[in-house]
Amino acid sequence: MLRFASTALALLLCVSSSLASTTIVDSTGALTRIPVPQSSFENGVVAVLTSPGTPSLFPTADGGIVLSSRGGVSIVSSPGATLAGVSSLSKGSGAAAAAAVSGSVILSGITESDLENGLDDTRHGQTLTAIFQQRLLQDGGEEEKVTLIIAVPESADDEAVWNDVNAIFETASIEFGRDVELQDLYNLSIEKVANQADAERVLQVASEAAQQVKMSTSNISSTIADVYTRSVSSEAAPTATAALLACDDSFARHHRAARAKLTSWKSRTGRDLTVDNFGTAASQLLKRSMESFDRDTISAAGIAGSVSSYRLQVRAKLEARIESAIRELFKIQVEILEKNTLKKFSAMLLRKHGKGTEGTEQFYNDNAAAIRSAAFAFDQAVEELEVPSLALTKSKVSQEMSNKLNTALLTFPDSPAARLKDMKQVQAAVSRKKQPTQRNVDIGIDLVAMIRPDGFGNLQGFGGYQLGGNNVIVGIHNDADEPSVIAQFGGKRPPFLRVQPKLKVDIEL
């Protein structure tokens with residue numbers, strides 16, 4: 001009979017224990033959804049938040065959210081956030097759900113190393129952030145204050161801990177746009193826990209405070225499950241602050257990458273060299289940077305209001321900076337090609353100089369092919385620089401180059417290089433020893449005239465007549481309205497008629 005009574009008593013204790021402990025969310029983050037009668041919560045609810053991997057003197061949750069009873073007071077145990085996990089519980093969703101239905105919250109598991117650099121960047125800071133965000137999200141302004149107890153080691157600085165908690169709350173309130181203080185929603189208490197007696201004392205203080213808070217729900221387990229589900233679903237949607245930070249971070253990364261590439265190109269142009277396949281490379285750089293930015297900030301585009309507008313502003317700023325650098329590089333490389341083309345063309349004219357055809361019709365006809373060849377080579381080089389998406393094409397620069405080549409041909413006989421070569425030829429002729437010859441003096445006149453009527457350079461021709469040692473050359477070029485020609489004359493139109501007489505005296509002694 002005694003053995004039967006003992007067996008019955010053991011069975012009763014086992015049943016009582018199973019009824020007093022209910023798992024709402026298991027260690028994997030899955031909901032069990034076991035309803036708990038309201039009669040179990042008449043004396044208040046205390047949330048005990050432990051830190052996974054850290055020994056605790058308070059009731060633990062074995063990796064999930066567990067509801068139990070102690071002295072008539074309901075205890076909701078939940079693990080806090082971690083810095084390494086990826087589950088919802090490790091992000092603090094379980095702690096936020098447990099705190100949402102409790103009149104008192106105990107945060108335990110804080111060590112001395114956690115306090116060295118402040119709580120903000122620790123696992124406990126993430127837990128507090130989740131708790132405050134959930135409270136700010138559901139608070140309607142008439143909720144009762146919740147007692148928040150921070151259990152710390154004996155060596156902790158209470159004022160420093162209070163400042164850390166307050167700073168975390170201020171960050172959360174700013175993110176949600178709420179003008180509320182920590183003391184408006186919580187009665188914060190810093191308690192030092194070194195042994196089991198201290199833990200019992202803190203738990204007793206929390207239980208007494210929880211009994212003073214009136215519960216606003218009829219089924220605590222269902223409320224925990226609902227809050228937990230909403231918290232998990234909201235993790236996929238970024239907050240406004242997170243979206244803004246994502247835009248700034250993406251802008252900084254892609255602008256830094258584009259700037260590195262553009263800097264290498266500028267270094268090459270600084271040595272008077274062009275960038276191989278610049279047009280294709282620049283187009284790909286711009287396209288890749290913008291597509292990567294759009295992919296990184298696509299979540300911000302779905303947030304209405306100032307976030308989406310801010311994203312568009314940052315995107316436009318990134319695009320403008322890259323485009324500005326590309327336009328500058330295009331201009332510099334065009335100038336390099338123009339300088340090299342004119343230099344080669346002048347060198348070719350200088351090699352031919354001294355054959356006695358300068359200023360004659362034959363001179364201009366012989367070099368017309370050279371102008372076309374130089375212009376064609378310039379066009380081919382500029383084609384590699386074209387960026388059609390930015391309207392950087394060769395049409396305008398090719399026309400300007402053609403005008404510069406024609407001008408170089410017309411002005412070459414009077415150029416310093418040509419005159420220097422003439423002087424050298426004269427000096428060479430004078431220095432040569434000549435045999436005595438019959439004295440003779442030949443006089444000739446060369447007359448070169450250039451007519452420049454109105455037009456944009458689409459008509460050019462030359463005519464000449466030679467009689468003995470006398471030459472007459474008349475040319476016409478309708479480029480008086482060409483902007484580049486006007487710029488050469490200081491903003492004025494060139495003279496309609498330009499006459500250049502030359503007297504030749506050949507004396508043989």
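Put simply, the side chain of Ser264 does not reach to within 4.5 Å of the side chain of Arg268, judged on heavy atoms. Looking at Leu128 and Val165, their side chains come closer than 4.5 Å, going by heavy atoms from C-beta outward. Using a 4.5 Å cut-off on side-chain heavy atoms (C-beta onward), Lys287 and Ser283 make no contact. Residues Ser308 and Arg311 fail the side-chain proximity criterion, which asks for heavy atoms closer than 4.5 Å. In this structure the side chain of Phe169 reaches within 4.5 angstrom of the side chain of Val180, judged on heavy atoms. Using a 4.5 Å heavy-atom cutoff, the side chains of Asn166 and Leu188 are not in contact. Contact annotation: the side chain of Leu119 approaches that of Ile110 to within less than 4.5 Å [non-hydrogen atoms, C-beta and beyond]. Residues Ile106 and Leu49 form no side-chain contact, since every pair of their non-hydrogen atoms from C-beta on lies 4.5 Å or further apart.
Checked for salt-bridge contact, Asp294 and Arg315 meet the test: a charged N lies under 4.0 Å from a carboxylate O. Between Lys404 and Glu400 no salt bridge is recorded (no basic side-chain N to carboxylate O distance below 4.0 Å).
A donor-acceptor pair under 3.5 Å links the side-chain atoms of Thr297 to the main chain of Phe293, judged by distance alone. No donor-acceptor pair closer than 3.5 Å links the side chain of Ser102 to the backbone N or O of Val105. A distance-only check finds a donor-acceptor pair linking the side chain of Gln333 to the backbone of Val275 [under 3.5 Å]. Not a single donor-acceptor pair under 3.5 Å links the side chain of Asp479 to the backbone N or O of Glu482. With hydrogens and angles ignored, the 3.5 Å screen pairs no side-chain donor or acceptor of Asn187 with any backbone N or O of Gln183. Side-chain atoms of Arg321 never come within 3.5 Å of backbone atoms of Ala258 as a donor-acceptor pair (strictly under, hydrogens ignored). Not one N or O on the side chain of Ser289 forms a donor-acceptor pair closer than 3.5 Å with the backbone of Leu286. With hydrogens and angles disregarded, a donor-acceptor distance shorter than 3.5 Å links the side chain of Thr263 to the backbone of Arg259. Under a 3.5 Å cut-off, the side chain of His124 and the backbone N or O of Leu115 do not form any donor-acceptor pair.
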Could you please spell out the steps behind the side chain to side chain donor-acceptor pair (under 3.5 Å) verdict for Glu112 and Ser155? CA-CA 8 Å; Glu112 293 180 356; Ser155 60; 2.9 Å; yes
Starting from the C-alpha separation in whole Å, work towards a yes-or-no answer on side chain to side chain donor-acceptor pair (under 3.5 Å) for Thr122 and Asp114. CA-CA 7 Å; Thr122 65; Asp114 293 328; 5.3 Å; no
side-chain contact (heavy atoms from CB on, under 4.5 Å) assessment of Trp162 paired with Ile150: CA-CA 9 Å; Trp162 195 96; Ile150 309 297; over 6 Å; no
Test Val397 against Leu337 for side-chain contact (heavy atoms from CB on, under 4.5 Å), laying out the working first. CA-CA 10 Å; Val397 295; Leu337 290 176; over 6 Å; no
Determine, stepwise, if the pair Thr280 / Asn277 fulfils side chain to side chain donor-acceptor pair (under 3.5 Å). CA-CA 6 Å; Thr280 302; Asn277 298 319; 5.6 Å; no
Mind running side-chain contact (heavy atoms from CB on, under 4.5 Å) on Thr23 and Val25 for me, showing each step along the way? CA-CA 6 Å; Thr23 300; Val25 177; 5.9 Å; no
Show, in sequence, the C-alpha distance, side-chain angles and deciding distance for Leu203 and Val73, and conclude whether the side-chain contact (heavy atoms from CB on, under 4.5 Å) test is met. CA-CA 10 Å; Leu203 193 58; Val73 176; over 6 Å; no
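In this structure, a donor-acceptor pair under 3.5 Å is present between the side chains of Asp248 and Tyr310. Judged by distance alone, the side chains of Thr54 and Arg123 do bring a donor and an acceptor atom under 3.5 Å apart. Side-chain polar atoms of Gln212 and Glu208 form no donor-acceptor pair below 3.5 angstrom.
Annotation: cation-pi pair Lys145/Tyr186 absent, no NZ/CZ under 6.0 Å from the ring centroid and within 45° of its normal.
Within a 6.0 Å sphere centred on NZ of Lys192, other residues, nucleotides and ligands contribute more than 12 heavy atoms. Atom CD of Glu159 has 12 or fewer neighbouring heavy atoms from other residues, nucleotides or ligands inside a 6.0 Å radius. Other residues, nucleotides and ligands contribute over 12 non-hydrogen atoms within 6.0 Å of the CG atom of Asn195.
The minimum heavy-atom distance linking Ile336 with Thr269 is given by the pair CD1-O, 3.7 Å. Pairing each heavy atom of Ser189 with each of Glu191, the nearest pair is OG-OE2, 2.8 Å. Of all heavy-atom pairs spanning Ile149 and Ala206, the tightest one is CD1-CB, 3.8 Å. Taking all atoms of both residues into account, the shortest heavy-atom contact from Val146 to Gly103 is CG1-O, 3.5 Å. For Ala374 against Thr341, the heavy-atom pair with the smallest separation is O-CG2, 3.9 Å. Of all the heavy atoms in Ile65 and Ser78, the pair that sits closest is CG1-OG, 3.7 Å.
When each of Ile131, Leu136, Thr129 is paired with Gln133, the side-chain contact (heavy atoms from CB on, under 4.5 Å) condition holds for Thr129 and for no other. Put simply, the residue from Glu383, Gln380, Glu384 that forms a side-chain hydrogen bond (donor to acceptor under 3.5 Å, both in side chains) with Lys394 is Glu383.
Taken to the nearest 0.5 Å, the OG1 atom of Thr50 stands 11.5 Å off from the CG atom of Leu57. Taking CZ from Phe278 and CH2 from Trp265, the interatomic distance works out to 6.0 Å, rounded to the nearest 0.5 Å. To the nearest 0.5 angstrom, Phe58 atom CZ is 10.0 Å from Leu107 atom CG. Atom CG of Leu318 and atom CD of Gln313 lie 14.0 Å apart (nearest 0.5 Å). Rounded to the nearest 0.5 Å, atoms CD1 (Ile298) and OG (Ser250) are 11.5 Å apart. A distance of 7.5 Å separates CD1 in Ile371 from OG in Ser402, rounded to the nearest 0.5 Å.
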